[in-house]
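Structure first, then comments.
We're numbering straight along the sequence, starting at 1.
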Amino acid sequence: NVNVLVYGALKLVDDRYWAITPRFYISSIATQDRAAEIMEDGGLVAPVAYIRGLASSRNAAVDQLIPSLEVLFALHQGLDLYDQGTVSGYEQAAALLCTYADKLRASGISNGVDLLFLFCGHAYSDLLLLEDTAVPATAQTYQEQAILAYRDAVKLKPDGLRGVISLAAM
């Protein structure tokens with residue numbers, strides 16, 4: 001029983017170089033549907049190349065993929081919580097996604113981190129819809145956190161339509 005399966009397509013670029021284009025299978029159908037849409041824009045990981053027959057080059061290429069796997073696993077965990085559709089699930093998803101996004105960004109990883117911020121913002125936005133908005137301080141906090149998350153997503157990917165639209169909607 002696999003939650004996330006990572007595999008790839010190999011393509012011979014020329015007589016010396018191979019390119020690896022990672023592909024992912026995610027067991028949660030809802031998460032898989034969203035992830036497929038997200039990964040189509042190439043935001044999570046870019047193909048990497050290595051010299052055919054040279055183990056050190058192949059290993060270096062695999063090392064380049066590891067940060068994207070960290071993003072993918074954080075995204076999977078966060079979306080599993082998000083998919084619960086409860087106040088607790090949204091709160092946990094927002095905390096996990098924003099925490100991982102901050103940690104990965106601080107370590108210099110950029111590919112896909114905007115997606116973590118984007119879904120963090122979505123979790124806070126959905127909390128606005130579910131939470132008792134009769135408590136203005138709670139609603140204001142969720143709104144501020146959503147705006148911060150969307151701003152971070154836009155900073156990391158200024159041409160990212162999802163982040164811009166989500167920020168404008170707030």
Side-chain angles (χ1 to χ4, degrees), residues 1-7 22-46 62-133 135-170:
N1 190 5
V2 175
N3 288 328
V4 178
L5 175 66
V6 180
Y7 60 101
R23 299 282 188 254
F24 307 97
Y25 168 79
I26 301 173
S27 63
S28 163
I29 296 301
T31 304
Q32 186 177 5
D33 290 345
R34 273 196 304 274
E37 172 192 344
I38 289 164
M39 285 183 244
E40 284 175 5
D41 70 10
L44 185 61
V45 63
V62 170
D63 287 344
Q64 290 176 41
L65 298 175
I66 290 173
S68 296
L69 296 178
E70 291 184 51
V71 172
L72 178 66
F73 290 133
L75 189 61
H76 182 269
Q77 289 176 318
L79 291 178
D80 271 351
L81 293 166
Y82 183 93
D83 285 341
Q84 293 175 10
T86 63
V87 170
S88 174
Y90 289 138
E91 287 176 338
Q92 291 176 51
L96 184 140
L97 291 164
C98 278
T99 299
Y100 268 102
D102 285 331
K103 178 187 126 197
L104 294 170
R105 178 177 55 184
S107 67
I109 297 170
S110 59
N111 271 4
V113 175
D114 61 300
L115 299 173
L116 298 177
F117 281 121
L118 181 70
F119 282 107
C120 173
H122 290 349
Y124 281 120
S125 294
D126 286 339
L127 279 166
L128 280 168
L129 302 174
L130 288 182
E131 190 65 29
D132 179 10
T133 54
V135 182
T138 302
Q140 183 177 354
T141 299
Y142 290 151
Q143 184 175 23
E144 289 170 356
Q145 292 299 320
I147 289 169
L148 288 173
Y150 290 142
R151 281 184 182 156
D152 284 336
V154 171
K155 282 180 196 171
L156 288 169
K157 192 170 183 180
D159 60 343
L161 193 55
R162 290 180 194 94
V164 172
I165 290 171
S166 298
L167 181 58
M170 290 305 295

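The two residues Leu75 and Leu116 have their closest heavy-atom pair at N-CD2, 3.7 Å. Closest approach of Leu97 to Ala74, counting heavy atoms only: CD2-O, 3.7 Å. The two atoms that bring Tyr90 and Leu130 nearest to each other are CE1-CD1, 3.0 Å, heavy atoms only. Ala146 approaches Ser125 most closely through the heavy-atom pair CB-OG, 3.8 Å. Across Val113 and Arg105, no two heavy atoms sit closer than the pair CG1-CB, 4.2 Å.
In terms of modelled atom types and a separation under 3.5 Å, the side chain of Ser107 and the main chain of Leu104 share a donor-acceptor contact. When atom types are taken as modelled, the side chain of Tyr150 and the backbone of Gly121 share a donor-acceptor pair closer than 3.5 angstrom.
Listed by first then second residue, pairs satisfying disulfide bond (SG atoms under 2.5 Å apart) with a partner in residues 75-111 read Cys98-Cys120, not counting sequence neighbours. Every pair tested for disulfide bond (SG atoms under 2.5 Å apart) that includes a residue from residues 136-170 fails, sequence neighbours excluded, so the list is empty.
One finds no salt bridge joining Lys155 and Asp114 here, because no Lys/Arg side-chain nitrogen approaches an Asp/Glu carboxylate oxygen to under 4.0 Å.
You'll find the ring centres of Phe119 and His122 inside the 6.0 Å limit.
Side-chain contact annotation: Tyr82 with Gln77, donor-acceptor N/O pair under 3.5 Å absent. Side-chain contact annotation: Ser88 with Gln84, donor-acceptor N/O pair under 3.5 Å absent.
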Side chains of residues 163-170: which donor-acceptor partners sit under 3.5 Å, not counting sequence neighbours?
from: Ser166; atom 1: OG; to: Arg162; atom 2: O; distance (Å): 2.8

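A distance of 12.0 Å separates CD1 in Ile147 from CG in Asp152, rounded to the nearest 0.5 Å. Separating the CZ atom in Arg151 from the CG atom in Leu156 is a distance of 14.5 Å, to the nearest 0.5 Å. Between the CD atom in Gln92 and the OG1 atom in Thr86 there is a gap of 7.5 Å [rounded to 0.5 Å].
Counting only heavy atoms from C-beta outward, the side chains of Leu127 and Val87 approach each other to under 4.5 Å. Side-chain atoms of Phe117 and Asp102, non-hydrogen and from C-beta on, do get closer than 4.5 Å to each other.
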